[in-house]
There are 2 protein chains.
Amino acid sequence: MNQSNENILDSLSLPFESVLLPDERDKLYSSTNKVEYSKRDIIIKQSARVSEIPLILSGLVKISREMRRGKNVILRIAQPGSYLGLSSIFGSDVYEYSVFALENVTVRFIDIETFSWLIKKNGLFGMEVVKQISADNIFNINRLSSLLYKQLPGRVADIILYFSEDIFKSETFSIPLTRQELAELAGTTKESLIRTLSEFKHDKIIDMNRNSFKVNSMHIIKTLSRLG
Amino acid sequence: MNQSNENILDSLSLPFESVLLPDERDKLYSSTNKVEYSKRDIIIKQSARVSEIPLILSGLVKISREMRRGKNVILRIAQPGSYLGLSSIFGSDVYEYSVFALENVTVRFIDIETFSWLIKKNGLFGMEVVKQISADNIFNINRLSSLLYKQLPGRVADIILYFSEDIFKSETFSIPLTRQELAELAGTTKESLIRTLSEFKHDKIIDMNRNSFKVNSMHIIKTLSRLG
DNA sequence: AAATGTGATCTAGATCACATTT
DNA sequence: AAATGTGATCTAGATCACATTT
């Protein structure tokens, strides 16, 4: 299953390639190379000089900002099919966050020079990049400002919604993160995250067993998320 | 002074126009119109359908996200010379935040259709837009994640640094915001903001008189910012 | 042994209720 | 009267110190 899944995703076309001319498309493909990672491997390291654009072909990754030793904020969980680190590449000269494999992950790396050349040469491609970075920016503003003003139950409801609606598109799912990582996604400590999840379970809002979750009352989760 | 200042800035070229051909430049200019605002006026309203790109020609504005009735986060203070709301325009179909005039402000509005057409037609223009949105994104990630994990003295030191280094480029400055707004910039309440500023004053780190500030020890402010 | 979980305690900053200043 | 500021009190969630589970 894992393999066939990887094969399907490996044959993914590069995002935005539909707006490219055949020779542009060939040039873009020829500037890429593919790497396999195992669970917990680091794919890109915050503060390293930017050199390539990673595109996840299969597997989930976490995008994490190291605030200081041992203190991290997980910005988002990324799925196959979108370019990562675009805003670091064009708005900085170092990666502004780290990317880690949460499971076995295949990554295609794209050369920055070729990518930049394409933005300048093909305006439709440039427009797609503009849209992608804009959507990333709005996602970040939304998530981080919610973390900033919502109380813990609202933030934990948010991450349950995030996995259920955005990542797994199901009310039953298994989260490939430790409790510590879930806490970094909710902007809290592991103890507080654990207590809040336990309360949700006690109140029958969710079922939870290790990393398996089931949302029993999506309505209550959404209310908690909304009220913050 | 105010008037001559406005005249200088009014003659600002549009950002990125240097990469445009003469006819592109003319088309861009012809799609704009200019509006004057007074202190406290709203320039763009969160959740309104996006229609134009505002470019501040003179004066300072606050970019503010309304989280719920009466609960706001100020994302940043914007100065003359950069396009606002780009990521809302290309990543959403409504403005993701409001923009208010902090003093008398002149704004040139640019038609979105013309702007989009230029991104697609002229790749160099597209690349400039990509760079601007990327830099905005990194700024937001930096600021919001700092608000998320730093303690209050570090956050207040951050906003003092922000005004001193980014906005006014001086150790003496007058902040055109109420204490409530400063609190929204620091992610706290007005009472806590006032107390923290009073402590800084008591400890002789800053001088403060109404809205006039002077940084006495930039070193301590930077240390507080760094230690968070 | 590393991750998960629990109970006791602490504390930064929010909230509340006013007084003072502009 | 709206903005600024102060003091008293409260509380959400952090921290600490372990026990339990995988």
Side-chain angles (χ1 to χ4, degrees), chain A residues 39-40 62 67-74 100 102-103 146-159 174-203 206-213 224-225 227-228, chain B residues 39-40 62 67-74 100 102-103 146-159 174-203 206-213 224-225 227-228:
Chain A
K39 188 167 174 144
R40 306 274 155 229
K62 67 166 179 175
M67 303 308 299
R68 61 177 41 159
R69 278 219 27 66
K71 193 86 172 122
N72 307 305
V73 178
I74 298 183
F100 294 89
L102 291 173
E103 51 198 26
S146 288
L147 290 182
L148 193 63
Y149 89 99
K150 283 187 185 176
Q151 311 247 105
L152 193 46
R155 306 207 299 268
V156 173
D158 278 347
I159 66 177
S174 177
I175 298 183
L177 296 174
T178 64
R179 295 295 190 260
Q180 175 61 42
E181 288 172 316
L182 280 178
E184 289 169 4
L185 196 56
T188 183
T189 58
K190 73 177 198 312
E191 292 94 332
S192 295
L193 181 277
I194 287 168
R195 268 186 262 268
T196 307
L197 282 177
S198 299
E199 279 165 35
F200 284 9
K201 183 180 182 178
H202 176 263
D203 295 345
I206 60 169
D207 279 348
M208 171 177 65
N209 186 291
R210 301 269 294 139
N211 287 332
S212 300
F213 290 76
L224 285 167
S225 164
L227 298 183
Chain B
K39 188 167 176 147
R40 307 275 156 227
K62 67 167 178 175
M67 304 307 299
R68 61 180 35 162
R69 277 219 28 64
K71 193 87 172 120
N72 307 305
V73 178
I74 297 181
F100 293 89
L102 291 173
E103 49 196 29
S146 288
L147 290 183
L148 195 62
Y149 90 100
K150 283 188 185 176
Q151 312 247 105
L152 193 46
R155 306 208 299 271
V156 173
D158 278 347
I159 67 177
S174 176
I175 297 183
L177 296 173
T178 64
R179 294 296 191 258
Q180 176 61 41
E181 288 171 316
L182 281 177
E184 290 170 3
L185 196 57
T188 184
T189 57
K190 73 177 199 309
E191 292 93 332
S192 295
L193 181 278
I194 288 168
R195 267 185 263 269
T196 307
L197 282 177
S198 298
E199 280 164 35
F200 285 8
K201 183 179 180 178
H202 176 262
D203 296 345
I206 60 169
D207 278 349
M208 172 177 63
N209 187 290
R210 300 271 294 140
N211 288 333
S212 300
F213 289 77
L224 285 167
S225 164
L227 298 182

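By convention in this document, chain letters (A, B, ...) are assigned in the order of the sequence lines, proteins followed by strands, and residues within each chain are numbered from 1. Below, all heavy atoms of this structure are taken into account, side chains as well, without hydrogens, waters or symmetry copies.
Annotation: of the two residues near DNA chain D, L152(A) and R195(B), the 5′-most nearest-nucleotide partner is R195(B).
For the pair K62(B) and F100(B), the cation sits on the ring face: its NZ or CZ lies under 6.0 Å from the ring centre, inside 45° of the axis.
Nucleotide dA3(D) is matched to dT20(C) when pairs are restricted to Watson-Crick or G-U wobble geometry with both distances under 3.5 angstrom. As the counterpart of dG13(C), dC10(D) is assigned, both hydrogen-bonding distances of the Watson-Crick or G-U wobble pattern falling under 3.5 Å.
Regarding L197(A), its CG atom lies at a distance of 8 Å from the P atom of dG5(C), rounded to whole Å.
For T189(A), the side-chain atoms get nearest to dT15(D) when compared with the rest of dG13(C), dT15(D), dT6(C). The side chain of S192(A) lies closest to dA14(D) when the candidates are dA14(D), dA12(D), dG5(C). Side-chain atoms of I194(B) lie closest to dT6(D) of the nucleotides dT6(D), dG5(C), dG13(C). Here the side chain of E191(A) is nearest to one of dT4(C), dG13(C), dA17(D), namely dA17(D). Listed nucleotides: dG13(C), dT22(C), dT4(C). Nearest to the side chain of R210(B): dT22(C).
Classification of E184(B) and R155(B) as a salt-bridged pair fails, no side-chain N sitting under 4.0 Å from a carboxylate O.
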Checklist entry - Under the side chain to side chain donor-acceptor pair (under 3.5 Å) criterion, do S225(A) and D158(A) qualify, and how do the steps go? => result CA-CA 5 Å; S225(A) 164; D158(A) 278 347; 2.5 Å; yes

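For the pair S198(B) and dG5(D), the criterion of a side-chain N or O lying under 4.0 Å from OP1 or OP2 is not met.
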